[in-house]
Each structure stands twice: as C-alpha cells, then as structure tokens.
Amino acid sequence: MKNCIFCQIANKERKAGIIYEDDLAIAFYDINPQAPYHILVIPKKHIENIFELKESDKDLIGHMFFVINKISKDLKLPYLRVVTNSGRGAGQSVFHLHFHILSGRTFHWPPG
C-alpha cells in the first residue's frame, strides 16, 4: 500500500535500521523504543492486522516466528516479550501487521 510506512520500509522507499531481511519478512529497530531492545518484525506482504489473516497466510505467520527466534538468538537475548496489537483500541498505530520484540528490561504482568 502506498501510504503504509511499513510497506515503504519493506520496499526501501524509506530508511530504517534494518537488522534482518528475507523474501517474506523484514525486521528493524523501532524509532520509539520501549525497551533497550525494541525490534519490529513485519511481513513484506501488506496485512492490516490479525483480523485480516487468511488461511493462506499460515506459513507466513509461522515464518514470522522463525524470524523472531533467529533475531533473538543472533542478539543473544536472555529473555523477550513478543507483542502484536490489532485495532486502535489495542494500541495499533501502524495498520500493517507487525510483531514487537522487546528485551533488556524487566517486564511486568499484566502489561499496559
């Protein structure tokens, strides 16, 4: 989508601190980090949020978690929290499915 900032990053139309990329996904540092490590992992395919997933996206979502695992191991993160927000009320501000990898500080439960 033309107006989607994450599509622009995936298409290299906008700069980002990219730390991982393959044919299906791209990962980059969040510009407003909420933890010492705050990385966004997005599919290159534009999907608005979890509610827009189709059965044909099952392999893609599995791949996203493989990417999260790889990045976490590469950075030697001792623990992490993975978050995705779907819908404005949940805190989604960019309407392109993305997963936050957060690490490097103590997290509490319940969040938010």
Original post:
By ring pair (Phe, Tyr, Trp, His ring centres under 6.0 Å), which residues pair with Tyr37, not counting sequence neighbours?
Top reply: none
Original post:
Is a donor on one side and an acceptor on the other found under 3.5 Å between the side chain of His100 and the backbone of Val41?
Top reply: no
Subject >> Shared hydrophobic cluster for Ile47 and Ile68 (ILVMFWY, side-chain gaps under 4.5 Å) >> reply: yes
Original post:
Who else is in Phe107's hydrophobic cluster (ILVMFWY, side-chain heavy atoms under 4.5 Å, direct or via others)?
Top reply: Tyr79, Val83, Leu102
**OP:** Go through the structure and list residues passing ring pair (Phe, Tyr, Trp, His ring centres under 6.0 Å) with His63, not counting sequence neighbours.
**Re:** none
**OP:** State yes or no: do Ile42 and Ile5 share one hydrophobic cluster built from I, L, V, M, F, W and Y residues joined by side-chain heavy-atom distances below 4.5 Å, directly or via other members?
**Re:** yes
Subject >> Transitive ILVMFWY side-chain link Leu40 to Val82, under 4.5 Å >> reply: no
Original post:
Tell me, which pairs form a salt bridge (Lys or Arg N to Asp or Glu O under 4.0 Å) where one or both residues lie in residues 61-75, sequence neighbours left out?
Top reply: Lys70-Asp74
Original post:
Looking at residues at least two apart in the chain, or sitting in another chain, which of them share a ring pair (Phe, Tyr, Trp, His ring centres under 6.0 Å) with Phe65?
Top reply: Phe99
Original post:
Within the distance-only criterion (no hydrogens, no angle test), does the side chain of Lys44 pair as donor or acceptor with the backbone N or O of Asp22 below 3.5 angstrom?
Top reply: yes
**OP:** Please check if Leu53 and Val67 belong to a single hydrophobic cluster, counting links between Ile, Leu, Val, Met, Phe, Trp and Tyr side chain heavy atoms closer than 4.5 Å.
**Re:** yes
Subject >> Short side-chain to backbone donor-acceptor contact, Gln34 and Asn32, under 3.5 Å >> reply: yes
Original post:
Can a salt bridge be assigned to the pair Asp57 and Lys45 using a cut-off of 4.0 Å between side-chain N and carboxylate O?
Top reply: yes
Original post:
What residues form a ring pair (Phe, Tyr, Trp, His ring centres under 6.0 Å) with Phe95, not counting sequence neighbours?
Top reply: none
Subject >> Minimum heavy-atom distance Cys7-His46, with the two atoms named >> reply: SG-ND1, 3.3 Å
**OP:** Name all pairs fulfilling the salt bridge (Lys or Arg N to Asp or Glu O under 4.0 Å) condition that reach into residues 24-40, sequence neighbours left out, sorted by first residue then second.
**Re:** none
Original post:
Who passes side-chain contact (heavy atoms from CB on, under 4.5 Å) against Lys15, sequence neighbours left out?
Top reply: none
Original post:
Would you say the side-chain atoms of Glu52 pair up with the backbone N or O of Leu97, donor to acceptor, closer than 3.5 Å?
Top reply: no
Original post:
Could you give all pairs that pass the ring pair (Phe, Tyr, Trp, His ring centres under 6.0 Å) test and reach residues 10-30, with sequence neighbours left out?
Top reply: Phe6-Phe28
**OP:** Determine the minimum heavy-atom distance between Pro43 and His96, stating which atoms define it.
**Re:** O-NE2, 2.8 Å
**OP:** Any salt bridge (Lys or Arg N to Asp or Glu O under 4.0 Å) involving residues 3-14? Give me the pairs, sequence neighbours left out, ordered by first then second residue.
**Re:** Lys12-Glu21
